[in-house]
Undergrad: 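Here it is, the structure in full.
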Amino acid sequence: MKIHLNPITLAMAVIFGATCSHGIAEEVKFNRDIRPILSENCFFCHGQDPEHRGGDLRLDIREEAIATRKDSPPAIIPGDPEASELIKRLITTDPDLSMPPADAHLDGLKKEQIQILRQWIKSGAEYEPHWSFVPPTKATLPQTLPPQNPVDSFIRDRLKSEGLTPSKQAPAGILVRRLYLDLTGLPPSVEDITRYLSDSAPDRWQKLIQELMNSPHFAERLAMPWLDAARYADTHGFSIDDHRDMWAWRDWVINAFQKNQAYDQFLTEQIAGDLIPNATPDQIAATGFLRNNMATHEGGTIEEEYRVIQNLDKVDAVATSILGLTMKCAQCHDHKYDPISQKEFFSFYAFFNSSSEPGKAATNANTPPLMAYTSPLANGGIDGLKSRVTELERFKRYPPENILIARNRWETEQKKSTNGPLAKCLSTGQDARSAADWKIINEAFISSDSPQATKMKIFLKTVEVEIKVLNRDIKRGQTTVMVMDHKPELRKTHILIRGAYDQLGEEVSAGVPSVLPAIGGSESSTRLDLARWITAPENPLTARVAVNRTWQMLFGRGIVETSGDFGNQGSWPSHPELLDWLAVDFVEHDWNIRHTLQTILNSETYRQSAVSSAEHQEKDPRNLLLARSPRPRIAAEIIRDQALAHSGLLNRSVGGPSVHPPQPELWSEVSHYGYTKPFTAQIYLPGQESSAYRRSMYTFWKRTSPPPSMAIFDAPSRETCSVVRSNTNTPLQALVLLNEPQFVKAGLALGHRILLQGGSSHSSRINYGFRLTTGRNPSTQEAQIFEKSILENIQRYSNDPRAAIQLTQSTANTEKEIPLLAAYAILGSTLLNLDESITRP
Amino acid sequence: MNPLEDHLNSVSRRSFLGLTGLGIGAMAAKSLLASDSLASTASAPSIGTPNFAPKAKRVIYLFQSGGPSHIDLFDHKPKLVDQHGKELPDSVRQGQRLTGMTSGQKNLPLCKSIAKFSQHGQSAQWISDLLPHTSKIADKIAVIRSMHTEAINHDPGITFINTGSQLPGLPSMGSWLSYGLGSMNENLPSYVVLLSQGSGKNPGQPIFSRLWGSGFLPSSHQGVQFRSGKDPVLFLNDPSGVSRSDRRNMLDDLAQLNQIRHEQMADPEILTRISQYEMAFRMQTSAPELADLSDEPDSIFELYGEDARQPGTYAYNCLMARRMAERGVRFTQLFHRGWDQHLNLKSHLTNQCSDTDQASAALITDLEQRGLLDDTLVVWGGEFGRTVYSQGKLGEGRDHHGRAFSMWVAGGGVKAGTSYGLTDDFSYNIVENPVHIRDLNATILHCLGMDHNRFTFSFQGLNHKPTGVMPANVVNGILS
């Protein structure tokens with residue numbers, strides 16, 4: 001039994017500690033056991049940042065830590081912990097000498113931590129370079145018969161050493177549902193499950209993986225986490241937060257996954273597509289990744305300040321999502337924990353500092369440099385723009401309720417008193433009126449003197465602006481994408497003292513941190529050199545960070561839990577050798593994401609049951625060791641997509657302009673709506689019909705007021721790069737699933753579907769519905785609860801036909817059917833609300 | 001309720017669940033649910049413990065968005081009368097950067113206050129005649145006239161004061177407190193946000209959900225917006241055709257089914273989900289009850305003003321804030337827009353004050369008469385102040401000014417009747433007791449028993465503090 005005192009295993013140490021009397025590992029590993037202690041407690045003052053260095057002592061370099069110093073003994077005397085000043089300072093009771101000092105506001109070291117430091121010093125105080133900066137190697141796999149999947153080798157080896165046994169395979173129906181959700185973000189139909197169960201081929205699992213990977217929904221699924229990392233959104237984000245057009249870039253991402261573009265090429269094009277010799281429009285459009293940063297055109301903006309902020313954000317996005325580095329920390333001073341100096345930070349920043357992108361955003365539009373571009377999906381997307389214009393035109397005829405009521409009242413008055421063209425227009429029924437009729441009517445209405453007429457004036461102007469920007473692209477037959485350009489003559493890059501845009505320090509040229517491999521190219525390295533460096537097989541971070549995120553997508557948590565921080569303060573990998581094996585294997589297989597996925601999906605570890613046991617809960621409540629399959633709640637987008645899919649409402653078309661499904665009008669409460677010169681994206685104008693049921697990843701994303709039912713289920717705001725979502729469990733989530741109008745509608749449609757397709761008895765229908773939503777048959781006890789509820793609800797709604805009609809929103813059925821449909825609407829909603837429905841199976 | 005006790009209870013409750021996670025499966029769901037406030041701790045897992053004895057249990061933050069003019073409201077500068085129309089001396093500006101709106105302006109003419117000032121109460125606080133009601137509570141508030149911030153534009157300024165950074169990504173103060181102290185009410189969220197728009201500048205500058213966002217903290221700590229109208233919390237109402245008893249029946253079925261699933265899977269998260277549904281059910285009653293003002297007597301509407309009868313107004317939101325305080329909401333934050341007087345200074349600022357003055361003062365009076373002021377901290381202020389020089393023609397408007405501005409605080413932990421900090425004769429630079437916005441935030445935390453240096457959350461390699469990276473100091477001069 002070993003105790004690993006680093007963030008991820010500390011929790012386990014506490015658990016296992018109860019069964020372990022002495023509590024000290026026989027073998028101390030610097031990276032695993034010692035570095036986290038030093039980093040957390042010492043490096044802030046005794047690390048590489050000279051500015052706050054105390055006592056001229058560094059503990060991050062062995063030579064300095066063991067050196068005899070002028071006025072004090074060596075901090076560390078290898079072999080002699082009790083004589084080492086480090087230990088003395090940790091155990092002293094003298095407040096003047098005690099470390100860490102009180103003003104560091106740290107809790108101090110635990111006894112076990114001091115003990116482990118002693119043991120490390122005693123055994124020679126050897127240092128190791130930080131693990132993630134050393135290139136990964138493939139550990140030898142244990143030879144077993146039959147040969148094991150490599151994932152299982154590592155996972156089970158660790159389980160064995162911790163005295164845990166793996167779980168048995170999950171039932172096939174559950175596995176099918178798991179695989180569909182993980183690979184496509186959409187659930188299987190009952191037929192999909194049956195088809196799999198009746199397939200007797202020994203390779204049915206592999207065939208299913210292949211089939212799903214060929215689906216366009218697989219590409220959508222892979223794109224989802226990348227959109228968080230790339231902080232993709234449909235608005236500028238700061239201040240007025242009007243719209244921008246980056247959906248064609250989002251389509252580029254989906255398309256890249258659909259054609260299984262190698263990950264190194266995927267990154268190269270996004271970082272430097274414009275610099276690739278003879279770059280194609282697709283490659284240039286890919287650099288939109290770097291342009292997804294927020295931007296402002298607030299009145300008082302000092303342009304250079306925001307040009308710098310935009311660039312800093314590009315560095316953060318690349319460093320966090322691709323390299324797993326918290327480079328941002330070195331923006332104002334040398335990094336406190338990782339070997340990145342402020343000078344190195346600005347050398348890295350220099351790669352992005354030669355674009356002509358201004359510090360002030362365009363209004364209601366993309367900001368240059370931009371490029372006319374045709375989305376590779378949705379037939380270029382222009383049809384989607386035209387449908388949106390149609391949706392918006394409708395708002396001219398049917399404005400929001402309060403205005404509409406006032407106008408209808410006004411119409412009635414006018415009909416009595418008006419003659420001439422207006423009277424003629426009004427005499428036509430509302431639905432039959434031409435656009436010209438409506439123009440005359442609306443102009444007359446807004447010139448009438450009433451508060452609602454003034455509101456209509458503002459509303460119409462706003463709708464006109466929305467239509468105008470769409471027509472610009474429709475006319476051109478192409479949308480645009482914000483892209484990168486390279487204009488090194490524009491400016492030199494300097495260190496910004498304390499990160500301030502107007503405090504120029506030393507001039508620097510583009511470069512990478514010296515702790516990492518050297519970059520190729522000449523002195524004037526470009527973004528293309530950077531991309532080649534990032535994707536070089538020697539780069540110790542890129543592949544590790546990528547396979548870790550792939551793992552996270554499947555298991556809900558990375559092998560490194562801090563997916564955006566592989567530095568000193570990041571968490572120690574739960575399975576370091578597995579991470580490295582997958583990383584090396586990924587590069588060996590030409591950065592093929594599908595290959596890595598297949599390796600994991602074919603493991604027994606992936607296919608384990610999620611049933612927990614008392615032993616699991618006692619020894620590994622957080623499931624870090626994977627003796628069972630994890631059951632995180634599924635992601636916000638997938639929860640909604642799944643409900644729409646179950647109910648048959650989902651519109652599965654891929655790509656195109658973002659859409660506006662129904663949601664509460666929250667925008668105008670915070671936005672600049674009502675301003676005399678209207679901006680786009682200030683009031684929410686929901687779309688109709690099929691656009692209302694597109695997958696959630698296509699919902700228009702306004703950064704200052706994100707779609708509420710996504711935010712409630714932990715989607716980030718997309719203001720900055722985000723690679724880990726929180727996973728909360730709240731009452732507001734219950735309210736979304738119970739009452740949000742689209743979920744209500746989905747419950748109703750699901751009930752209807754169950755009635756139509758689930759056979760003729762309640763029990764066969766219950767079986768069908770339960771199988772559809774969970775992938776398994778209900779137990780007798782479960783089925784009884786449903787049946788009782790159905791019978792009671794039929795009775796209840798027969799007694800209250802008005803409530804039945806309200807609930808079913810239906811006039812098409814005979815009176816007799818309505819209470820039945822109402823009861824099944826309740827069943828549908830109950831199924832969508834089950835813990836099991838919204839949890840990874 | 002004693003927060004320390006809360007913490008101990010929640011810890012024992014959690015460890016109870018952890019140890020007997022399997023045993024609980026045998027218990028009937030309803031008996032578990034009926035027990036107590038498991039739901040509130042589960043909804044937003046928090047540290048749940050202050051660092052020392054708190055003076056205040058809750059905060060009401062009356063955020064005045066846009067940048068109220070301290071020169072015309074709180075910072076009395078009689079010598080400006082003689083300087084009116086003269087150019088801002090370079091010795092005062094000291095190279096201070098100006099926003100893009102006035103940096104190109106040829107002249108920067110000094111503009112005296114548009115309103116008279118007088119002294120009020122025992123404390124003899126100087127307050128402008130634009131705020132007659134606030135003047136009457138002069139002895140109950142501490143006015144800080146030496147606030148400062150580096151931000152000079154709205155988006156960075158408002159993000160800075162609410163999250164500790166000018167750029168997005170960090171948690172708001174309210175979500176820090178929800179995370180740190182947890183909930184005192186199992187039927188309502190611990191952090192509630194109310195929005196309103198004044199008649200000063202309409203529409204006011206935009207605000208953003210990041211101002212009440214949870215940043216890197218778990219999203220269960222994000223502020224919950226209470227809206228006027230029939231759906232005070234999003235998706236609160238059952239669909240048409242579903243009665244309360246229908247909903248109750250469905251939730252009973254759901255709880256039973258989830259309970260069975262728990263017996264099958266032994267995942268404690270399922271029990272949390274059951275309790276979240278129960279809290280949602282209770283919130284469906286408690287939130288409309290909260291928003292139903294029919295139990296308020298006429299005297300209350302006399303106190304807050306008739307506007308308070310009109311949902312969505314600032315006065316209504318002030319009254320709602322008091323009702324939330326009574327029900328144990330930890331942090332209630334009003335965002336009132338329209339304080340951005342670049343133009344029409346006189347008429348717009350006058351309107352803005354008459355929309356808000358009476359209700360702000362009424363809230364203090366009302367909290368006091370109910371014995372709630374002692375443990376409620378009330379904060380009034382915006383993201384920055386306004387320039388002493390005119391934007392445009394003399395007297396037309398004022399630009400943003402972050403180098404000095406005024407705010408006031410009252411209630412739990414605050415020394416009432418205090419005048420704190422001093423600016424120069426131009427209300428441009430601070431000459432005594434500067435209070436950075438992060439000092440104010442540290443002080444708010446202090447009143448709630450939290451040490452801003454020890455209250456941290458680790459994210460992306462850094463132990464983040466609510467007050468940010470730069471040092472902050474508690475302003476002892478305004479504390480009792």
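No experiment lies behind these values; they were computed from the predicted model shown. Every chain is numbered from 1 and lettered A, B, ... according to where its sequence line falls, protein lines coming before strand lines.
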Undergrad: Among the options A:S726, A:S705, A:A711, A:G567, pick out the one with the most heavy-atom pairs lying under 4.5 Å from chain B.
TA: A:S726

Undergrad: Any carboxylate oxygen within less than 4.0 angstrom of a Lys/Arg side-chain nitrogen, looking at A:E719 and B:R210?
TA: yes

Undergrad: Does B:F459 form a side-chain contact (heavy atoms from CB on, under 4.5 Å) with A:T326? I'd like the steps, not just the answer.
TA: CA-CA 10 Å; B:F459 174 72; A:T326 59; over 6 Å; no

Undergrad: Which atoms of B:V224 are under 4.5 Å from chain A, going by heavy atoms: the side chain, the backbone, both sets, or neither?
TA: side chain

Undergrad: List in chain and number order the residues that pass side-chain hydrogen bond (donor to acceptor under 3.5 Å, both in side chains) with A:H236, two or more places apart in sequence or in another chain; answer none if no residue qualifies.
TA: A:R244

Undergrad: Chain A heavy atoms under 4.5 Å from B:P156: which part of the residue, side chain, backbone, both or neither?
TA: both

Undergrad: Going from CG on A:L834 to CG on B:L257, what distance comes out if it is rounded to the nearest 0.5 angstrom?
TA: 6.0 Å

Undergrad: If I take atom CD1 from residue B:I260 and atom CD from residue A:E782, how far apart are they, to the nearest 0.5 angstrom?
TA: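 Result: 5.0 Å between the selected atoms.
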
Undergrad: Checking heavy atoms, do the side chain of B:L98, its backbone, both or neither come under 4.5 Å from chain A?
TA: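 The backbone, not the side chain.
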
Undergrad: If you count heavy-atom pairs under 4.5 Å between each of A:R703, A:Q806, A:E740, A:E298 and chain B, which one has the most?
TA: A:E298

Undergrad: Which pair of non-hydrogen atoms, one from A:T730 and one from B:S220, has the smallest distance, and what is that distance?
TA: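 The pair with the smallest heavy-atom distance is CG2-CB, 3.5 Å.
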
Undergrad: Heavy-atom count check: over 12 atoms from other residues, nucleotides or ligands less than 6.0 Å from A:K745 NZ?
TA: no

Undergrad: Among A:I309, A:T562, A:D103, single out the residue with the greatest number of heavy-atom pairs under 4.5 Å to chain B.
TA: A:I309

Undergrad: Given a strict heavy-atom distance threshold of 4.5 Å, which part of B:E269 is in contact with chain A: side chain, backbone, both, or neither?
TA: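 Both parts, backbone and side chain.
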
Undergrad: Chain A heavy atoms under 4.5 Å from B:D231: which part of the residue, side chain, backbone, both or neither?
TA: neither

Undergrad: Please check: side-chain N/O of B:S209 versus main-chain N/O of A:T704, any donor-acceptor pairing under 3.5 Å?
TA: yes

Undergrad: Checking heavy atoms, do the side chain of B:L234, its backbone, both or neither come under 4.5 Å from chain A?
TA: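 It is both, since atoms from each part get that close.
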
Undergrad: Looking only at heavy atoms and a cut-off of under 4.5 Å, which of A:N793, A:T839, A:I838 has the most pairs with chain B?
TA: A:I838

Undergrad: Listed by chain and number, what are the side chain to side chain contact (heavy atoms under 4.5 Å, CB included) partners of A:D316, not counting sequence neighbours?
TA: A:T320, A:K328, A:C721

Undergrad: Where do A:I302 and B:I152 land on the side-chain contact (heavy atoms from CB on, under 4.5 Å) test, with the steps shown first?
TA: CA-CA 9 Å; A:I302 296 171; B:I152 57 167; 3.6 Å; yes

Undergrad: Could you tell me which of A:L737, A:T296, A:V736, A:L807 has the largest number of non-hydrogen atom pairs under 4.5 Å with chain B?
TA: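 Sorted descending by pairs with chain B, the first entry is A:L807.
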
Undergrad: Rounded to the nearest 0.5 Å, what's the gap from CG on A:D835 to NE2 on B:H262? Could you check?
TA: 10.0 Å

Undergrad: Using non-hydrogen atoms and a 4.5 Å limit, figure out which bit of B:N258 sits close to chain A: side chain, backbone, both or neither.
TA: side chain

Undergrad: What residue in A:F743, A:Y306, A:F713 has the most heavy-atom pairs under 4.5 Å with chain B?
TA: A:Y306

Undergrad: Would you name the heavy atoms of A:A734 and B:Q276 that are closest together and state the gap between them?
TA: CB-O, 4.4 Å

Undergrad: When rounded to the nearest 0.5 angstrom, what distance separates OG in B:S219 from CG in A:N727?
TA: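 Interatomic distance, B:S219 OG to A:N727 CG, rounded to 0.5 Å: 8.5 Å.
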
Undergrad: For B:Q197, is it the side chain, the backbone, both or neither that has a heavy atom under 4.5 Å from a heavy atom of chain A?
TA: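 Looking at B:Q197, nothing touches chain A.
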
Undergrad: What's the spacing between A:E669 CD and B:R227 CZ if we round to 0.5 Å?
TA: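 Spacing of CD (A:E669) from CZ (B:R227) equals 4.5 Å.
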
Undergrad: How close do B:Q460 and A:C329 get, heavy atom to heavy atom, and via which atoms?
TA: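 That would be O-SG, 4.3 Å.
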
Undergrad: Working note: A:L738 + B:M250, criterion side-chain contact (heavy atoms from CB on, under 4.5 Å); need CA distance, chi angles, decisive distance, verdict.
TA: CA-CA 10 Å; A:L738 292 167; B:M250 175 183 164; 3.6 Å; yes

Undergrad: With rounding to the nearest 0.5 angstrom, report the NE2 to OG1 distance, B:H154 to A:T301.
TA: 10.0 Å

Undergrad: Between B:D246 and A:Y797, is any side-chain donor less than 3.5 angstrom from a side-chain acceptor?
TA: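 A donor-acceptor contact under 3.5 Å links the two side chains.
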
Undergrad: What is the minimum heavy-atom distance between B:P203 and A:S671, and which atoms define it?
TA: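 Heavy atoms only, the tightest pair is CB-O, 4.4 Å.
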
Undergrad: So which part of B:L195 gets closer than 4.5 Å to some heavy atom of chain A, the side chain, the backbone, both or neither?
TA: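 Interface part for B:L195: side chain.
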
Undergrad: Decide side-chain contact (heavy atoms from CB on, under 4.5 Å) for B:Q256 and A:Q781; before the verdict, give the C-alpha distance in whole Å, the side-chain angles of both, and the deciding distance to 0.1 Å.
TA: CA-CA 10 Å; B:Q256 271 193 67; A:Q781 194 190 5; 5.7 Å; no

Undergrad: Checking heavy atoms, do the side chain of B:L236, its backbone, both or neither come under 4.5 Å from chain A?
TA: both

Undergrad: Answer with side chain, backbone, both or neither: which region of B:T159 has an atom nearer than 4.5 Å to a non-hydrogen atom of chain A?
TA: neither

Undergrad: Answer yes or no: is there an ion pair linking A:R631 with B:D267, defined by an N-O contact shorter than 4.0 Å?
TA: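 Salt bridge: yes.
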
Undergrad: Short question: side chain of A:H672, backbone of B:Q205 - any donor-acceptor pair under 3.5 Å?
TA: no

Undergrad: Please find the pair of heavy atoms, one from A:N739 and one from B:F235, that lie closest to each other, and give the distance.
TA: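 In terms of heavy atoms, the two residues are closest at ND2-O, 3.0 Å.
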
Undergrad: Determine the minimum heavy-atom distance between A:I712 and B:Q222, stating which atoms define it.
TA: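 Residues A:I712 and B:Q222, closest heavy atoms: CA-NE2, 4.1 Å.
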
